Amino acid sequence: MKKIRDAFRMMCVFIRLVFEMLKHYFSLNDDLQNNFIICKKICQRVVRSARIQLQIQDRENLGQHEPFLLVSNHRCFFDVVFLLAAVERPIRFVAAKELLSYPILRKYLNSIQCVTLDRYTKKISKIKKSVTDMKTALASGNLVLFPEGECSYYDRRMKRFKKGGFMGVSELGTRIIPTFISMDKIQNIGRWMIPQGEVRIIFGEGFYPNEIPKGHNMPGELAVYSQQKVLELQEMTEKGIS
């Protein structure tokens, strides 16, 4: 009986998400601020609908004006929902190219100027274009990167951060914000996963590529250093340190 209730609850949250996206679909336009506010409101309503207690810690680390690259662990699709609900400044995401195959979702991704990435290509031209798109996005605003490359789903262990998303970051000198998303419990139907109870987002202190010890700021080194910072936030969370 509990499994039936849980499945029904998950379906209700999914329906609410689709309903909200359809409801506001034609309110999207060419104004990034307008579109971000719409996405933020949708995500906040979905969080409330799912009865999730979203706790936000150290949001001031994002700053008020300076662009940032936010790097975070990635458990499930709802990470995007939580970050949009929590952040006050417009953010765009580095998203998997295959998400563009969903027409409604494509409209929303494009509305907040997300950067799409072909995760499986080996063509140099496509890789270079992705790097150029990310650099352009960072030069003009805030970007969210999940360097694990995909959701970890059932595995609580964080996957190794990939270096691809850090290419070009050093030359731009963009401030990097390590972020950890902590979840009590997760329900799932296949890969459709919805957290339960409390979800906590911890925004760590930002750093610049040239501040890395010994001045090592190549993409691979940035990936390793950024993951160390996210893991430190995870350790603090698990020890109950605020």
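Because the structure is predicted, anything quoted here is derived from the model rather than measured. For reference, positions follow the sequence shown, starting with 1. Keep in mind that the numbers below use all heavy atoms, side chains included, and drop hydrogens, waters and symmetry copies.
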Can you list the steps and then say if E205 with D58 is a side-chain contact (heavy atoms from CB on, under 4.5 Å)? CA-CA 8 Å; E205 292 186 15; D58 298 328; over 6 Å; no

Tell me the closest heavy-atom pair linking [X] and [Y], and the distance in Å.
X	Y	value
C39	S111	SG-OG, 4.5 Å
F207	S226	CZ-OG, 3.6 Å
R89	P67	NH2-N, 3.9 Å
L143	A137	CD1-CB, 4.2 Å
I177	G206	CD1-CA, 3.7 Å
L233	P178	CD1-O, 3.4 Å

Aromatic ring pairing H74/F146, orientation class (parallel under 30°, perpendicular over 60°, tilted between):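 Parallel, since the angle between the ring planes stays under 30°.
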
Would you check if [X] and [Y] make a side-chain contact, meaning some heavy-atom pair closer than 4.5 Å?
X	Y	value
E221	I212	no
L32	Q113	yes
V71	F166	yes
L70	L62	yes
L222	V169	yes
P90	Q33	yes
N35	H24	no
L83	F203	yes

Mark yes or no for whether Q227, through its side chain, and K159, through its backbone, hold a donor-acceptor pair below 3.5 Å.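 Confirmed, Q227 side chain pairs with K159 backbone.
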
Can you check whether T132's main-chain N or O pairs, donor with acceptor, with T136's side chain at less than 3.5 Å? yes

ILVMFWY network linking [X] to [Y], side-chain heavy atoms under 4.5 angstrom:
X	Y	value
I112	L99	yes
Y208	I176	no
I186	L17	yes
I15	V81	yes
I194	F19	no

Pair K107-M21, side-chain contact (heavy atoms from CB on, under 4.5 Å): steps then yes or no: CA-CA 10 Å; K107 174 84 170 181; M21 292 177 74; over 6 Å; no

Would you find more than 12 non-hydrogen atoms of other residues, nucleotides or ligands less than 6.0 Å from [X] atom [atom1]?
X	atom1	result
E66	CD	yes
K163	NZ	no
E60	CD	yes
Y25	OH	yes
N29	CG	yes

Using 0.5 Å steps for rounding, measure from the [atom1] atom of [X] to the [atom2] atom of [Y].
X	Y	atom1	atom2	result
I181	F78	CD1	CZ	12.5 Å
F180	L231	CZ	CG	8.5 Å
K97	T116	NZ	OG1	7.5 Å
I201	T237	CD1	OG1	11.5 Å
R200	Q57	CZ	CD	4.0 Å
I104	L28	CD1	CG	11.0 Å

Apply side-chain contact (heavy atoms from CB on, under 4.5 Å) to F36 and L84, showing your working. CA-CA 8 Å; F36 169 71; L84 281 168; 4.0 Å; yes

Determine, step by step, whether F82 and M183 satisfy the side-chain contact (heavy atoms from CB on, under 4.5 Å) criterion, reporting the C-alpha distance in whole Å, the side-chain angles of both residues, the deciding distance to 0.1 Å, and the verdict. CA-CA 11 Å; F82 297 138; M183 301 177 185; 3.9 Å; yes

State whether K41 and E20 are salt-bridged, where the test is any N-O pair (Lys NZ or Arg NE/NH1/NH2 against Asp/Glu carboxylate O) under 4.0 Å.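 Looking at E20 together with K41, the answer is no, because their closest N to O distance does not fall below 4.0 Å.
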
Say whether Q228 and E232, considering side chains only, have a donor N or O and an acceptor N or O under 3.5 Å apart. no

